[in-house]
Amino acid sequence: MKVKKIITSILLSFSLLAGGITQAKPVAAALDKQQAIDIIKQNNQTNGQLDFTVSIKPHLKKGKKINVTAFSLTGGFNQNVAHMSGYAPTAKAGKSKKIEVWADGKENRLYTYLGDQWEYQPLNSSQNDQLTSSIAKTINVDQLLQKGKFSQKNGTYTLKTALNGKQAYKTGLKIARTASGVKFSKKELRYLNKHTKLGTIYATYRLQDDHLIDSKSSAKYVIIKVATVKITFKVSHLGEYANLAVPDDVKKAAKPADVDANK
């Protein structure tokens, strides 16, 4: 199903974008802003924990408020493997479905579990390269970090950044298309441009001494007259997932995915 492809592709993309990072280089214990920026840009750990949440706030009549967690996932990553698991609601009220994803770079396999059966298919590494390239071309990371607000309290350094959603909107659409494999028609693009908007994208980095201890990013996507979707993504517990590997029971249980059904 198309929905299945969208979910697994987006989760994989977030997981892999959090990877591809290198070991920290030592710097002075008392950091200034430029040193902090250098660490953020170049010197992350190669493994850590991932937390990803999508929440929805429907635009209801005055006096009625409902917040729904569409899905909340947690996991880890290292140089070879990325993992996320959690639950997502189903069409039936009060019911949820287990979601779990393992991406194995060495075996070039993506394992997915969406409530009933483990499946596997080849990793789409070119897809992740497209995502990374789209982001890099649109967002001037140097400028974004330089404009960030830098502070220090009790030995913990914080750099907070903010990116105008209007500037990132077109990139967001490209990312959605690349991650999901879904092509928007001209009519659909006109509708999206008219009835949706991407709010400010925030990213906060925390450092201690000569290393990054965690980072958190968030964004709000507003569908006019329908709902506000908030996405948060956090990387933490750096250095604690070096031995993460796809379990043998997952490999044994997985069956080849029907790739055609995901189109």
Side-chain angles (χ1 to χ4, degrees), residues 7-27 29 31 35-54 71-86 98-113 118 120-133 135-136 141 145 155-159 161 175 179 203-218 231-251 254:
I7 292 174
T8 56
S9 298
I10 290 176
L11 297 185
L12 172 62
S13 300
F14 271 105
S15 299
L16 293 181
L17 285 171
I21 45 186
T22 57
Q23 180 65 37
K25 299 176 182 178
V27 295
L31 300 178
Q35 287 175 316
I37 289 174
D38 290 341
I39 291 173
I40 292 167
K41 287 172 55 181
Q42 305 171 8
N43 305 322
N44 288 341
Q45 294 282 347
T46 56
N47 59 88
Q49 179 175 312
L50 305 168
D51 293 283
F52 180 55
T53 303
V54 176
F71 52 87
S72 182
L73 303 158
T74 188
F77 69 94
N78 57 34
Q79 289 178 305
N80 300 312
V81 175
H83 172 244
M84 297 198 83
S85 65
K98 181 180 178 182
I99 296 175
E100 190 166 2
V101 177
W102 285 94
D104 191 324
K106 278 191 172 181
E107 294 187 359
N108 193 38
R109 277 189 175 183
L110 173 65
Y111 297 88
T112 60
Y113 184 92
W118 278 105
Y120 70 83
Q121 62 190 74
L123 277 173
N124 190 343
S125 58
S126 62
Q127 180 188 79
N128 185 61
D129 292 340
Q130 290 178 54
L131 285 168
T132 305
S133 177
I135 294 171
V141 176
L145 294 175
T156 298
Y157 301 83
T158 303
L159 183 65
T161 67
I175 290 172
T204 300
Y205 305 88
R206 295 197 310 146
L207 308 93
Q208 285 181 349
D209 299 324
D210 63 350
H211 62 277
L212 185 71
I213 57 174
D214 60 44
S215 65
K216 182 178 181 180
S217 57
S218 64
I231 300 170
T232 60
F233 185 68
K234 184 177 181 179
V235 180
S236 61
H237 297 278
L238 299 172
E240 297 181 14
Y241 287 81
N243 298 321
L244 185 70
V246 182
D248 289 337
D249 59 346
V250 170
K251 295 180 180 181

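Small disclaimer: the values here were computed from a predicted structure and weren't measured. The first residue of the sequence shown is numbered 1, and numbering continues consecutively from there.
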Under the side chain to side chain contact (heavy atoms under 4.5 Å, CB included) criterion, do His211 and Leu238 qualify, and how do the steps go? CA-CA 9 Å; His211 62 277; Leu238 299 172; over 6 Å; no
Go through the structure and list residues passing side chain to side chain contact (heavy atoms under 4.5 Å, CB included) with Asp51, not counting sequence neighbours. Gln49, Thr74, Lys234, Ser236
Leu212 and Ile39: which non-hydrogen atoms are nearest, and at how many Å? N-CG2, 3.9 Å
Set of side chain to side chain contact (heavy atoms under 4.5 Å, CB included) partners for Tyr120, sequence neighbours left out: Arg109, Tyr111, Ala254, Pro256
How long is the gap from CG on Leu123 to CG on Asp104, to the nearest 0.5 Å? 7.5 Å
What do you reckon, is NZ of Lys251 surrounded by more than 12 foreign heavy atoms closer than 6.0 Å? yes
Working to the nearest 0.5 angstrom, can you tell me the gap between Gln208 CD and Thr158 OG1? 9.5 Å
When rounded to the nearest 0.5 Å, the distance separating OH of Tyr241 from CG of Leu50 is 8.5 Å
For the atom pair OG1 (Thr156) and CG (Leu207), what is the distance rounded to the nearest 0.5 Å? 9.0 Å
Measure the acute angle between the ring planes of Phe52 and Phe233, then classify it against the limits of 30° and 60° as parallel, tilted or perpendicular. perpendicular
About how many Å separate CG of Asn80 and NZ of Lys106, when rounded to the nearest 0.5 Å? 5.0 Å
Work out which heavy atom in Asn78 is nearest to a heavy atom in Leu244; give both atom names and the distance. ND2-O, 2.9 Å
Is any side-chain heavy atom of Phe77 closer than 4.5 Å to one of Val235? yes
Minimal non-hydrogen separation, Leu31 against Asp209, with atom names: CD1-O, 3.0 Å
In short, Gly86 meets Leu73 closest at the heavy-atom pair N-CD2, 3.3 Å
Would you indicate whether the side-chain heavy atoms of Tyr113 and Ser85 approach each other to under 4.5 Å? no
CD1 of Ile99 to OG1 of Thr112, rounded to nearest 0.5 Å, is 10.5 Å
Where the side chain of Thr161 meets the backbone of Ala203, is there a donor-acceptor pair that is under 3.5 Å apart? yes
